[in-house]
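Both ligands and their constituent atoms are indexed starting at 1 by order of listing.
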Amino acid sequence: MNKIPKHVGIIMDGNGRWATEQGLKRSAGHKEGGKTLEKLAKHAKNLGIKILSVYAFSTDNFKRSKEEVDYLMNLLIYYFNEKLETICKEGIKVVFSGRREPLRKDVLMAMDSIVKKTKDNKECILNICLNYGGQEEIVDAIVKVHEDITAGKIDKNELNRENFFKYLYQDLPPIDLLIRTGREHRLSNFMLYQSYYAEIYFTDTYFPDFLEKEFDEAIDYYENRDRRFGNVK
Ligand code: FPP
């Protein structure tokens with residue numbers, strides 16, 4: 001049996017379908033998804049999970065209607081300014097992964113402010129992937145590696161799969177358990193480097209309905225996997 005996972009990732013999918021199936025606007029699903037995330041962040045911390053990485057907005061999500069993108073950006077600002085602060089009183093440190101361009105200035109300000117407010121928190125890290133793409137992260141890391149090699153900070157022979165992590169947006173340990181809600185079975189460009197040996201839990205449940213009880217089921221699933229890391233027993 002495995003111990004509680006150190007790093008859990010969640011692809012929070014199904015907000016839009018949750019809403020439309022009830023005759024509501026897609027935005028209502030994102031709002032409800034925000035409430036679910038708030039509950040899960042507290043719950044994960046109480047279970048002793050050290051890092052929770054969540055996919056809030058991908059680089060490809062900019063292809064959605066301006067109305068939906070604007071709604072999501074305003075919802076994120078609301079959370080960073082009002083709601084997450086409450087979560088952070090629980091000792092959760094917020095960090096972000098993703099590119100800053102072309103995020104709106106008010107979004108960037110709200111992000112910077114929550115990072116600053118929570119920087120000394122020690123209980124658990126909430127890594128919010130915003131304007132994030134896993135392939136983009138690897139490409140951006142390679143640019144940083146190139147800069148360090150050119151500046152003589154690292155020799156190309158010293159680079160390996162472990163120290164490459166420090167060139168990613170956040171230097172976090174690999175994902176142990178990756179959860180995807182909302183029925184699809186794909187990675188959608190989420191934390192590709194960090195998920196190299198992740199156990200994957202797929203569920204049909206839409207993210208707004210993915211509450212503490214089913215989160216515990218995902219943890220049980222993880223605890224019962226046989227993790228051999230390429231070895232044999
Ligand atoms: C995917 O569902 C979800 C998103 C693109 C947004 C996730 C955002 C939140 C949960 C809001 C709160 C977040 C934070 C960090 C406070 P979808 O719209 O693709 O759903 P669909 O597949 O049913 O259309």
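- Residue contacts with ligand 1: Tyr79 is placed with no nitrogen or oxygen under 3.5 Å of a nitrogen or oxygen of the ligand (distance criterion only).
- Judged by the 6.0 Å distance and 45° axis criteria, Arg225 is positioned over the aromatic ring of Tyr221.
- Side-chain N or O atoms of Asn15 include none that pairs as donor or acceptor with a backbone N or O of Gly33 at under 3.5 Å.
- Atom 18 (O) of ligand 1 has its nearest heavy-atom neighbour, among Glu21, Arg64, Glu32, in Arg64.
- Tyr55 places a side-chain N or O within donor-acceptor distance of the main-chain N or O of Ser188, the cut-off being under 3.5 Å.
- Evaluation of the side chain to side chain donor-acceptor pair (under 3.5 Å) rule for Asn231 yields no partner, not counting sequence neighbours.
- Each of the atoms 5 (C) of ligand 1 lies under 4.0 Å from some heavy atom of Asn61.
- Listed by atom number, the atoms of ligand 1 under 4.0 Å from Leu76 heavy atoms are 13 (C), 14 (C), 15 (C).
- Ion pairing of Lys35 with Glu38 is absent here, as no side-chain N (NZ or NE/NH1/NH2) approaches a carboxylate O to less than 4.0 Å.
- Close contacts of ligand 1 with Arg17, meaning ligand atoms under 4.0 Å from a residue heavy atom, involve 21 (P), 22 (O), 23 (O).
- Among residues at least two apart or in separate chains, ring-ring contact (aromatic ring centres under 6.0 Å, His included) pairs with a member in residues 26-45 are His43-Phe215.
- Gln170 places no side-chain N or O within donor-acceptor distance of the main-chain N or O of Val95, the cut-off being under 3.5 Å.
- Evaluated by nearest non-hydrogen atom to atom 4 (C) of ligand 1, the leading choice among Lys31, His30, Arg26 is His30.
- Proximity of Thr20 to ligand 1, defined as any heavy-atom pair under 4.0 Å, is not found for any part of the residue.
- When only interatomic distances are considered, the shortest N/O to N/O separation between Ala56 and ligand 1 does not fall below 3.5 Å.
- Proximity of Gly182 to ligand 1 is not established, as no heavy-atom distance is less than 4.0 Å.
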